[in-house]
There are 2 protein chains.
Amino acid sequence: MPNLASARAALPLDLRSVHIQDSYWNRYVELIRTTVIPYQWEALNDRVPDAEPSHAIRNFRIAAGLEEGEFGGFFFQDTDLYKWLEAVGYSLAGHPDADLEKVADEAIELIAGAQLDDGYVNTYFTVAKPGDRWTNLLDCHEMYSAGHLIEGAVAYYHGTGKMRFLDVARRLADHIDERFGPNPGQLRGYDGHQELELALVKLYEATGERRYLELASFQIEERGQEPNYLVAEWEKRGRVSPWNPGAVQKSVNMAYHQAHKPVREQEVAIGHAVRAVYMYTAMADLALHKGDAGLLAACKRLWSNMTNKQMYVNGSIGSTHHGEAFTFDYDLPNDTNYSETCASIGLIFFARRMLQLEPKGEYADVMERALYNTVTAGIAGDGKHYFYVNPMEVWPAASEGNPGKHHVKAVRQKWYGCACCPPNVARLLSSLGHYIYTANEDTLYAHLYIGSEATHSLGGKQVTLSQKSGLPWAGEAGFTVAAIGAVGTVGAVGTVGTVGAVQGGADAEAATFTLALRVPSWSKATSFTLNGQPVQPEVTDGYARLTREWRVGDTFAISLDMEPRRVYSHSQLRANAGRVALQRGPLVYAFEETDNGAPLAALSLPRASALRPVPSDWRSDIVLLEMDGIRLSGAEDSLYSGEPPTATPQKLVAIPYTLWGNRKPGEMSVWIRETP
Amino acid sequence: MPNLASARAALPLDLRSVHIQDSYWNRYVELIRTTVIPYQWEALNDRVPDAEPSHAIRNFRIAAGLEEGEFGGFFFQDTDLYKWLEAVGYSLAGHPDADLEKVADEAIELIAGAQLDDGYVNTYFTVAKPGDRWTNLLDCHEMYSAGHLIEGAVAYYHGTGKMRFLDVARRLADHIDERFGPNPGQLRGYDGHQELELALVKLYEATGERRYLELASFQIEERGQEPNYLVAEWEKRGRVSPWNPGAVQKSVNMAYHQAHKPVREQEVAIGHAVRAVYMYTAMADLALHKGDAGLLAACKRLWSNMTNKQMYVNGSIGSTHHGEAFTFDYDLPNDTNYSETCASIGLIFFARRMLQLEPKGEYADVMERALYNTVTAGIAGDGKHYFYVNPMEVWPAASEGNPGKHHVKAVRQKWYGCACCPPNVARLLSSLGHYIYTANEDTLYAHLYIGSEATHSLGGKQVTLSQKSGLPWAGEAGFTVAAIGAVGTVGAVGTVGTVGAVQGGADAEAATFTLALRVPSWSKATSFTLNGQPVQPEVTDGYARLTREWRVGDTFAISLDMEPRRVYSHSQLRANAGRVALQRGPLVYAFEETDNGAPLAALSLPRASALRPVPSDWRSDIVLLEMDGIRLSGAEDSLYSGEPPTATPQKLVAIPYTLWGNRKPGEMSVWIRETP
């Protein structure tokens, strides 16, 4: 990693050095690998029956001159393919697959075939508007698309070692770098939808070419400066937008694009949520690579506002579907929220960047919250249906019959015309190994308790650690030093069994480093053992740190508090006043009609009721919560009456939120009224 | 009243025969007369500073050739003037005013001057689109505007006896009658916004010209028939709408216009709420005048659906601002409702028509609910600020910061570009005398307890009754026979004092008739006296009926139950589960931040807490409710925590909903959590 501002920064491990073996997460990782990636390939080729067509492959074939036809889909349709290739790159890193790689290589050739001589790639402009390149950064996602190409190329390069796609990406980045920048003759532009910035940082990390970092920095710093580039561009074209052809716009909302003021001056999370978190991610990247305390301060301010005032309990963001956007502090309505899956993915990106800068539990807590609850909720058990919106409360009749709730779906959808979320879920889950650990040369931080084997250079040795975890169902997790060797000698993927055989052997080498285990803020009673003996490590910033001379076979274990617990909201969060949500471990729970009957609004939970973990008839591997609740039954013959409702005891059942909507469609609610 | 299907039908009294003298309502009636009518005249002339211009008078001046210029405002801008003239007509009926009449006469001359030779009047088409008359009934409100002209003309005729405006109206109606109808060469059209239908019935009632009734009937019956006229017209013009220029529409929503099926087949209230109730009003008119049992059944079905499943507790309708429309049964969200003032006015129109058909308490209950709570809430104490939307719950920060709530205003507005509600409030309140009583030849029904003197022919005599009422603050109301004479001899306005002098005198004449006093459904303990002695009249269909030989000085009094009471919602009404609203007499109460602090959502009301009527420091004439409640105070330092909120006793104060938003802007809520 070149030019890091701080050698103490803890970075994620190479994906090939983290091998996930976890009873909970394998299900998702395998689902992505065996179902989602093949399914999305079919979708990209418009071969999923009854789903909206993607047009993506066809657009590239037309742009590459292999097929006649017109461009189909949105301006940013190319990104469906790029995100798929990114997921494929991650998947191949952990699980080589020659057939898949062959398909991907062909797709990359298609992209290369669509690249123009000057490095430009974008099938919309190439096919439909060849003369309009770089004239509408506000609306047309041109740099956004380039960013996804670059992210895909970097992932594919890391996963396969092949340069072909990375070369395409470099030529495109070089083209942009030539066209945009602070120098005379260059345009001072940046995209309406942030994404290129974080991608350029990745390209810099992969290639060491500092121009890419500086271009990202330029775009971040230029954003929101006066005169506003995006506004000037909009005025120049006559105040029209291709999103609403024919209409002259009265105004253009720069806050939606986080371009209303320079990023360093932004105080609150505002505008389109995905754009925001993609931008914050790049800001944190730049703070790290440039050692920029001012940018770090801005990141911390925005992080704090977003997670302490504008985030749902499931780690989702975006209080309104109008602009898929943030609204304002403590405005977190449960029945009209947007909470896009992609936004939580971006939030995870941002959280990890903050962890790289400062390993503090608050970042990992949010990362875990979003990952276990929103990201996995975004995908159905079959891997072929997706939520874009992750509501906190659903009344299916209202989703159908009230136009203000049409965005709130009661069942996951097959494939959308704007298919941002499905490939985003795929790329996040196939790169899960990037989020479990970060490390520097003497400390390995475990942020997530996900069974895995990780190899990294620590204390001058190549150390392989084996993690076992019972989460999210059981609170025990343990780390065993599986192997220690000279740097570069051990840690090949899949060697757990082999290495285990030498555990505790007399020849075991030793290495001195710190193992820092995250203590989730939700664990109110946490204990530790070292080689089976109770130990009380120092806990700072949410991490329990044990520094010692580690030997092969040493085991550091953590026991987390898995008591089901009640969660209450800040008193300014009006939508949840008098209500309670339930969590157990990292999982937020929800009530579904199929377990509890309708209307769910009639249910309440007395404060004294015990929350009992119970098994499920539906899926043997999950833990439900059962409790004694109350149902109010009111007048049935008149709309309003003086007849007070009667309270009847009822057993209530809550299911992990992430699994909601996988059975019979019906009502769902995370928050339930609490009665004294 | 010509050609009534049933001589037993009870009709409203002539406005000149009802003289309101009421400590509560005089305030509103005088506000309309002395402030609102003059203020709206200024608004019509674009002379209200900082308010959106009306353009109305200027449009007429341009159409009449008195001024050069371009049309301004909406297609239906003319109706601002028509509704104002209607209010003036009503006001002049009760309160002659030569100056006002002169101004109105001049405005009428302006309208007459804008009328074309063939009878057509509409400044939009005359000025802006002369060739497009009657080509877009769906979007352009052409008949709607004609309807308001006719309503204005009928009111002005009744109020002043002058024929000039009525002649303009007849010529316009004749023009439409020639152009539209079932005969060869005629168009089978009807308007996208219902209104002409009920106006034509009024014109028929005023003139006895049955053609107008038949034209109304034709339009009502033709509506929603296949092939659909409005759809065909839309297809013919290329599926475009002037509301969204340049865009080709994929579909057109006939349910929004209540034209998705024939009106007799419609089962539920659907679409734009104002259009719906205007249509139902005309349907009830036609059921009456044509003795049509089928139409009556449809009216009852729609009434029942609307008031038993889709009405807010303040008598407002329209659950969503998307299309200002109904949604579906029991979908009554409190924080995003539309509840337009105009829609409640239309609901009152419909209720009175139903009372004419069948004097049943359920209709008057709803009429009273809408009148006392929503209509009067629509206008500020100063008469110059208006609510279009009447929310059940307001958080001002959300109205500003959450786009889904931009329609919910925390303070009344000066004047809107689409100024439908202000003149609608004016015409309703200036014709209040039409809603207090209905009568036929032997029964007088008192629907509302509003102090007034009413004269009508009963039992073959001209009877003047004097009503005194303490509502809405006190529950005592009394009816005294003030005069009895030969038909046509007594009952002049303002003779109460004079007639009172002969009360009980030996020369008092007698008349045999039934006095039917409504027993509001909210009065759980109602008692009656006749000349001071307890009496127990028969109560049927919500009316206490006393039939006897009445003599001058006889007094029939009712005592209503004014205990404050709690109101609960139907168990399917999810938004109100676990919540309670408060009423006292006809008034719904609300909690305001200014009395109770924010956030209101943190408040709850134990079921056992007494509701205490108390005076107000703010206005000496009103009754507040005071009670012992609870405030929850939760964690202040984190968004979500395990720390349960603590409950602190707090005295709560509720104010009549109709008066909310007249003090310092802040939160408001009608429904409050109820704790056991």
Side-chain angles (χ1 to χ4, degrees), chain A residues 244-247 307-309 311 313 319-323 325 327-328 331 333 335-336 395 397-398 400-404 522 524 565-575 577-578 580-581 599-602 604 607 632-636 638-645 647 673-676, chain B residues 244-247 307-309 311 313 319-323 325 327-328 330-331 333 335-336 395 397-398 400-404 524 565-575 577-578 580-581 599-602 604 607 632-636 638-645 647 673-676:
Chain A
N244 189 10
T307 61
N308 289 320
K309 295 183 177 173
M311 182 183 74
V313 73
S319 296
T320 177
H321 74 285
H322 295 273
T327 56
F328 64 99
D331 183 45
D335 56 344
T336 54
W395 178 18
E400 287 290 321
N402 187 317
W522 49 258
K524 299 305 175 196
R565 62 196 193 280
R566 290 170 186 244
V567 177
Y568 301 92
S569 298
H570 191 283
S571 62
Q572 291 295 314
L573 205 172
R574 288 151 177 79
V580 63
L600 291 179
S604 66
R607 187 172 288 180
L632 288 181
S633 311
E636 290 291 343
S638 62
L639 190 53
Y640 304 109
S641 77
E643 186 190 324
R673 279 182 298 115
E674 185 178 68
T675 38
Chain B
N244 189 11
T307 60
N308 290 319
K309 295 184 176 171
M311 183 182 74
V313 72
S319 296
T320 177
H321 73 286
H322 295 273
T327 57
F328 64 98
Y330 303 115
D331 182 46
D335 56 344
T336 54
W395 179 19
E400 288 291 320
N402 187 315
K524 300 305 177 197
R565 59 195 194 282
R566 291 171 185 243
V567 177
Y568 301 92
S569 297
H570 190 283
S571 62
Q572 291 295 313
L573 205 171
R574 287 154 178 77
V580 63
L600 291 179
S604 67
R607 186 173 289 179
L632 288 181
S633 310
E636 289 291 341
S638 61
L639 190 53
Y640 304 108
S641 77
E643 186 191 323
R673 280 183 298 114
E674 186 178 69
T675 36

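Letters A, B, ... mirror the listed sequences (proteins, then strands); counts begin at 1. Quick caveat: nothing in here was measured; it's all calculated off a predicted structure.
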(message) Looking only at heavy atoms and a cut-off of under 4.5 Å, which of A:T320, A:D331, A:N244, A:D335 has the most pairs with chain B?
(response) A:D331

(message) To check you understand the geometry: which heavy-atom pair defines the closest contact between A:S319 and B:N402, and what is its length?
(response) O-ND2, 4.5 Å

(request) Kindly give the heavy-atom pair with the smallest separation between B:Y640 and A:V567, and that separation in Å. (result) CB-CG1, 3.7 Å

(request) Would you mind checking which part of B:P676 comes under 4.5 Å of any heavy atom in chain A, side chain (CB onward), backbone (N, CA, C, O), both or neither? (result) side chain

(message) With a 4.5 angstrom heavy-atom cut-off, is it the side chain or the backbone of B:S604 that approaches chain A, or both, or neither?
(response) neither

(request) Of all the heavy-atom pairs spanning A:E636 and B:H570, show the shortest one and how long it is. (result) O-NE2, 2.9 Å

(message) Taking the ring centre of each residue, are B:Y330 and A:W395 less than 6.0 Å apart?
(response) no

(request) Report the option among A:A577, A:S569, A:P644 that has the most heavy-atom pairs separated by less than 4.5 Å from atoms of chain B. (result) A:P644

(request) State which residues pass salt bridge (Lys or Arg N to Asp or Glu O under 4.0 Å) with A:R566; sequence neighbours excluded, sorted by chain then number. (result) A:E674

(request) Can you see which heavy atom on B:G578 is nearest to which on A:R673, and at what distance? (result) CA-NH1, 3.6 Å

(request) For residues B:G401 and A:T327, report the shortest heavy-atom separation together with the two atoms involved. (result) O-CB, 3.4 Å

(request) Name the member of A:A602, A:P645, A:A581, A:S633 that forms the most heavy-atom pairs with chain B at distances under 4.5 Å. (result) A:P645

(message) Tell me every residue that passes salt bridge (Lys or Arg N to Asp or Glu O under 4.0 Å) with B:R574, counting only those two or more places apart in sequence or in another chain.
(response) A:E667

(message) Let's test your reading of the structure: which of B:P403, B:G634, B:A647, B:A601 forms the most heavy-atom pairs below 4.5 Å with chain A?
(response) B:P403

(message) Taking side chain as everything from C-beta outward and backbone as N, CA, C, O, which of these in A:A575 sits under 4.5 Å from a heavy atom of chain B? Side chain, backbone, both or neither.
(response) neither

(message) Heavy-atom pairs under 4.5 Å with chain A: which of B:A398, B:A325, B:P599 has the most?
(response) B:P599

(request) Using a cut-off of under 4.5 Å on heavy-atom pairs, state which of B:L632, B:N308, B:V313 scores highest against chain A. (result) B:V313

(request) Examine whether an atom of B:E643 lies under 4.5 Å from a heavy atom of chain A, and if so say whether it belongs to the side chain, the backbone or both; otherwise answer neither. (result) backbone

(request) Could you tell me which non-hydrogen atom of B:L639 sits nearest to which non-hydrogen atom of A:L573, and how far apart they are? (result) CD1-CD1, 3.9 Å

